[in-house]
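Below you'll find the structure, written out as structure tokens, and then a few comments.
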Amino acid sequence: MRRKVIVGNWKMNKDIHETANLITELRERMKDFRNEVDVVICPPFTSLVIAKALIKDSPIKLGAQNMSQYDEGAYTGEISAKMLTVAGCEYVILGHSERRQYFNETDELINAKIKKALKAGLTPIVCIGETLEEREAGITDKIIITQVKGVLHELTATEVEKLLIAYEPVWAIGTGKNATPDQANQVHKLIRKQVGQMYSWAIAEKLIIQYGGSMNAQNASSLLSQSDIDGGLIGGASLKTVAFMTIIQTGVEAYL
Ligand code: 13P
């Protein structure tokens, strides 16, 4: 059985003081946590170092929200994979729809970033998902397959075994409108099938596929109990201690 992976994507929220407060509260509530699920937080870059110090000796792991495709050099405003690992990150979110939408990231660029992240020893959380127009036009499956092929282009089986995929329907992000558990599960199955065809069924079966898009304390249980939903990539609800803890707890229950 696949372990659930619950990831908080803080987006552009929380300065270092707010980061410290949120982590302190989370740790307090996670005292009895026995590691039944993987919990990762992805604060903004400026909070990574303090976050790393604050999660010491706790079950919480650290991730970043983006990364450059280059190693180093004259790329003003960018952050490299090595900078993230040295700062204590184990994960990095790549290809989030907000990066695709507002910063013109393409499958090709995301593919290059995935390769860099893997070389540096980071675990990429690779985001894919259709827009509302695409869903309404009935081309969700086609879009998802194209994205899976694009982001995984020329990755070896060994590399694919090291990454996670997050299915985030764009129309469900920050809108309060989540995909129904069945809608999400159908797409997760499609992603798994596609990875199975490109690599092997053994790899596809082990692949962690998270759902993201208005997951909250209320809907987490119905989403996380689906056969092919292996966790959540959570935005808004990860900024609130009680809501995030409830989702983590739901992940634990779904695993037991
Ligand atoms: P919300 O949970 O705020 O909808 O955000 C989802 C998301 O984009 C996580 O990466």
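We count ligands from 1, going down the list as the structure has it; atoms in each ligand are counted the same way. Only heavy atoms go into these numbers, but all of them, side chains included; no hydrogens, no water, no symmetry mates.
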I'd like to check which ligand 1 atoms, numbered from 1 as shown, lie under 4.0 Å from a non-hydrogen atom of [X].
X	value
N9	9 (C), 10 (O)
A172	4 (O)
L233	9 (C), 10 (O)
G235	1 (P), 2 (O), 3 (O), 5 (O), 6 (C), 9 (C)
K11	5 (O), 6 (C), 7 (C), 8 (O)
S214	1 (P), 2 (O), 4 (O)
G213	4 (O), 6 (C)

Q. How close do V40 and G63 get, heavy atom to heavy atom, and via which atoms?
A.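 In terms of heavy atoms, the two residues are closest at CG1-N, 3.9 Å.
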Q.
Test: salt bridge (charged side-chain N to carboxylate O under 4.0 Å, His left out). Region: residues 188-202. Which pairs qualify, not counting sequence neighbours?
A. R192-D228, R192-D230
Q.
Please check: side-chain N/O of R100 versus main-chain N/O of C127, any donor-acceptor pairing under 3.5 Å?
A.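 Confirmed, R100 side chain pairs with C127 backbone.
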Q: May I ask you to decide if L109's main-chain N or O and T106's side chain share a donor-acceptor pair within less than 3.5 Å?
A: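 Checking the backbone N and O of L109 against the side chain of T106, a donor-acceptor pair under 3.5 Å is found.
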Q: Just jot down the ring-ring contact (aromatic ring centres under 6.0 Å, His included) partners of Y75, sequence neighbours excluded, or say none.
A: Y70
Q: Output, in order, the C-alpha distance, side-chain angles, deciding distance and verdict of side chain to side chain contact (heavy atoms under 4.5 Å, CB included) for V5 and Q210.
A: CA-CA 7 Å; V5 184; Q210 301 175 293; 3.8 Å; yes
Q) Which one of Q69, E108, E105 satisfies the side-chain hydrogen bond (donor to acceptor under 3.5 Å, both in side chains) criterion with K113? A) E105
Q: Return yes when A237 approaches ligand 1 closer than 4.0 angstrom through a heavy atom, no otherwise.
A: no
Q. Considering only protein heavy atoms, which is closest to atom 3 (O) of ligand 1, and at what distance to one decimal place?
A.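 So the nearest neighbour among protein heavy atoms is G236 N, 2.8 Å.
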Q: Look at atom 7 (C) of ligand 1 and say which protein heavy atom is nearest, naming residue and atom and giving the distance to 0.1 Å.
A: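 Nearest protein contact, heavy atoms only, for atom 7 (C) of ligand 1 is E168 OE2, 3.1 Å.
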